[in-house]
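Since we're looking at a predicted model, the values are computed, not measured. Every number for a ligand or one of its atoms is a count from 1 in the order of the listing.
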Amino acid sequence: MITNTELEYKGDLYPTKIVSYDHEVDSVSFYTDNSVILKVTVLRDSLIRFRFTTKGYFSNDFSYAIDKSHTHGYNFLEVTDEDEYYQIKTSKVKCKIQKIDMRLSIFDLNDCIILEDELGFHWEESYELGGNIVKMSKTSKDGECFYGLGDKATQLNLKGKRLENFATDQYAFQKDQEPLYKVVPFYIGLHNKKSYGIFFDNTFRTYFDFCHERRNVTSYWAEGGEMNYYFIYGPQMEDVVTTYTDLTGKPELPPLWALGYHQCKWSYYPESNLKEVAAKFRELKIPCDALYLDIDYMEGFRCFTWNKEYFPDPKRMVAELAEDGFKTVVIIDPGIKIDKEYFVYKEALEKDYFCKRADGPYMKGKVWPGECNFPDYTNPVVREWWAGLFKELISDIGVKGVWNDMNEPAVMEVPNKTFPMDVRHDYDGNPCSHRKAHNIYGTQMARATYHGVKRFAYPKRPFVITRSAYAGAQRYSSSWTGDNIATWEHLWIANIQMQRMSISGMGFTGSDIGGFAEQPSGELYARWIQLGVFHPFCRTHSSGDHGDQEPWAFDEEVIDITRKFVNLRYQLLPYLYTMFWQYIEQGIPMLKPLVYFDQEDIQTHYRNDEFIFGNQILVCPILEPNALGRRMYIPRGDWYNYWTNEYCKGGKEIWIDTKFDEIPIFVKAGSIIPKYPVQQYVGELEFDELSLDVYYKLGKEKSVVYEDAQDGYDYKKGRYSFLSFQTNGKNNELIVQVHKEGKYDTQYSKYKINLIGLPFAIKAIQIDNVEFLFDRETLKKESYLIVDKGFTALHIIGE
Ligand code: GLC
């Protein structure tokens, strides 16, 4: 019996006993005598959906989050009727459903319990709103840890926390502040060295409680809709995350330039100011690929217009910037100014595209332009219209990317910061109130924008960034974490947010480097850049009202550090692009928290700071002022200090000294890290060599390098180059084997092979079994070889 808890409302209702069941192909439905139906659908052996209704029938099955092309199909499914329970068995798990109360538990095939209902499904009827508050509680196991849930500004392991999902414009949010901009109702549980995932696909306001209310209970509930969740079995966290990402969808590859450095401010104007910023980057030789126009480029904040005083000839300006390698990205918000002379407003009004209040009038609220109406992006006809609006910006003017903001949706000067809950939405033919559509509004806007930008950017790839998002938004857009603050605490938050977004399926994310609100010191800015270049999306942005935040707003030392780290990012572009490719192909997160990297090592379970960038680079930011170094945990395995090439054995906490122009970076032994030369923007240089940093390891290791034309869609027709390297280190020999796939021929003809950590002096080198002549003295001094690409085996033989 549970007593004294907030959860135990008097009015809660529970399923009674199961009176019948039926089994149809991949689904088994259980019926109670109080009209509850539980429908269990086996999508994959390790992916099972649980859907409950209390009405005796299910409403239309519709989800914005689930990617229709997700993988499904199972190897084995068996349903048995036991004395006290029904059992559904797949080739990975067994699920038992108790006849007496419909509570369920899931085991692996060794009868190890993975997930178990505490109260299980229960609900509270809401007379006033209609429908139910739907609730679920599970027992939590000793030592269980919890991860995921998107952009939460709290420690990585969510144990002990209660979190709320309601997309909110949370200007200058604080650590632990809830709720934030994004809604990803997906978490990963880990106990007994096994991981599983829960995706609660419900767009109403949801809550998750991880042993906060009660020590051994995890619960989640929603203010409406269905109890509808997916269980994903690991046992590795990678299995959970890749399955979740496959279920909710993966993006396409972005253009490579989108992985370069971006510079933003609220706002660069007029044209001469933007041009000065551009020129300064080139003068100081700090690489930069994209410049952003915030709301002031518009005429009175009217979307799809230009302020002709500030930007008299946008097409010419965008073209001139492009000649110097800069792509122009512009902001587009959802609020459409109420103005009878404004073409977007007029058309939307004529066609009845704006959201309406319950009693009929259009939803009216203040945003930057003053009073606005808001398109209902949950209506497919409206999305199609919206997509068409991008023609001029993209096709005619040459803008390369679009930035969607304020799409929680944000409304100013009202206490709840958003629409009233009675606002109506089409919800793709499932009409509903804002209670249900709120959390999905931003994603549907980003989706419409993505289709528009893609249509007009074709045959190039689109680039879209959004502030608000629901699970699945990664299919359409990158994102940033909203209005942070220039404080050391926010640097800590940004580091965790990006790791968390990565394992929540939404990897193409970054923070406003340096902080949006307030002014960073040079030291804070430098430390932020040092972290930010290891985030998939890398952009400096600031509110602009506290001073400048371009690298040159700080002293020479900070400028040099910025250049050094942005240069490093540009060198690592092929590595970064390869990790993106693994994300879009396999759903592998680009950043890996240490617990993801090695869940069996309990030392990793509460670590926040260190993470793996891609598969092979360990990064640990400096998060405090005046640091001369820091303590950090090196995960198990063999590593090399990136700066000194010193070998370091993992599985221990160490103190590491750092200078101001360094942060701790380690490379996994056995790795081959590809590098391009530093370029001021993607595609600036033609080069004839790909650098390969080869880190010796005793034993075998695999590395891969994905490349293509860096933009466009030919990669989908096989025009890519995929190199897979295998290193095999022995006591006095190192063998590197290469296998190439794909029809794309890279521009370079040679590899520059940098040999790091060889424990022997080189006696001979063979390439495809042919003796390779080299100058002993030079090799000794420089430790690199230049060889023609296209070989399959390189043997380095020791004395
Ligand atoms: C919001 C955005 C911010 C933007 C500003 C003005 O605060 O989060 O990035 O600069 O609006 O458009």
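Using a 4.0 Å cut-off between charged nitrogen and carboxylate oxygen, Glu178 and Lys161 do not count as a salt-bridge pair. In summary, Lys327 and Asp289 engage in a salt bridge, as defined by a charged side-chain N under 4.0 Å from a carboxylate O. Here Glu384 pairs with Arg455 in a salt bridge; the nearest charged N to carboxylate O distance falls below 4.0 Å.
If you check which protein heavy atom lies closest to atom 11 (O) of ligand 1, you get Asp405 OD2, 2.9 Å. The protein heavy atom nearest to atom 8 (O) of ligand 1 is Asp483 OD1, 2.6 Å. Closest to atom 6 (C) of ligand 1, if we only count protein heavy atoms, is Asp294 OD1, 3.3 Å. Distance from atom 9 (O) of ligand 1 to its nearest protein heavy atom, with residue and atom name: His541 NE2, 3.0 Å.
Using a 3.5 Å distance cut-off with no hydrogens or angles, the side chains of Trp528 and Thr540 do not pair a donor with an acceptor. The closest side-chain donor-acceptor pair between Gln497 and Arg500, if any, does not fall under 3.5 angstrom. Thr466 and Asn407 are linked by a side-chain donor-acceptor pair at a separation below 3.5 angstrom, with hydrogens and angles left out of the test.
Near Trp480, with a cut-off below 4.0 Å to any heavy atom, the atoms of ligand 1 are 8 (O), 9 (O). Remark: ligand 1 atoms within the under-4.0 Å shell around heavy atoms of Trp403 are 9 (O), 10 (O). For ligand 1 and Ile331, the ligand atoms under 4.0 Å from any heavy atom of the residue are 12 (O). Annotation for ligand 1: atoms under 4.0 Å from non-hydrogen atoms of Trp368 are 6 (C), 11 (O), 12 (O).
Put simply, no part of Tyr171 is less than 4.0 Å from ligand 1, judged by heavy atoms.
Ring pair His434/Phe419 is tilted by interplanar angle, where 30° to 60° counts as tilted.
Test Ile286, Leu531, Ile663 against Phe565 for side chain to side chain contact (heavy atoms under 4.5 Å, CB included) and you get one pass: Ile663.
Remark: ligand 1 and Arg467 share an N or O pair separated by less than 3.5 Å (distance only, no angle test).
Neither the backbone nor the side chain of Asp333 comes within 4.0 Å of ligand 1, counting heavy atoms alone. Within the 4.0 Å heavy-atom criterion, neither part of Phe301 lies near ligand 1.
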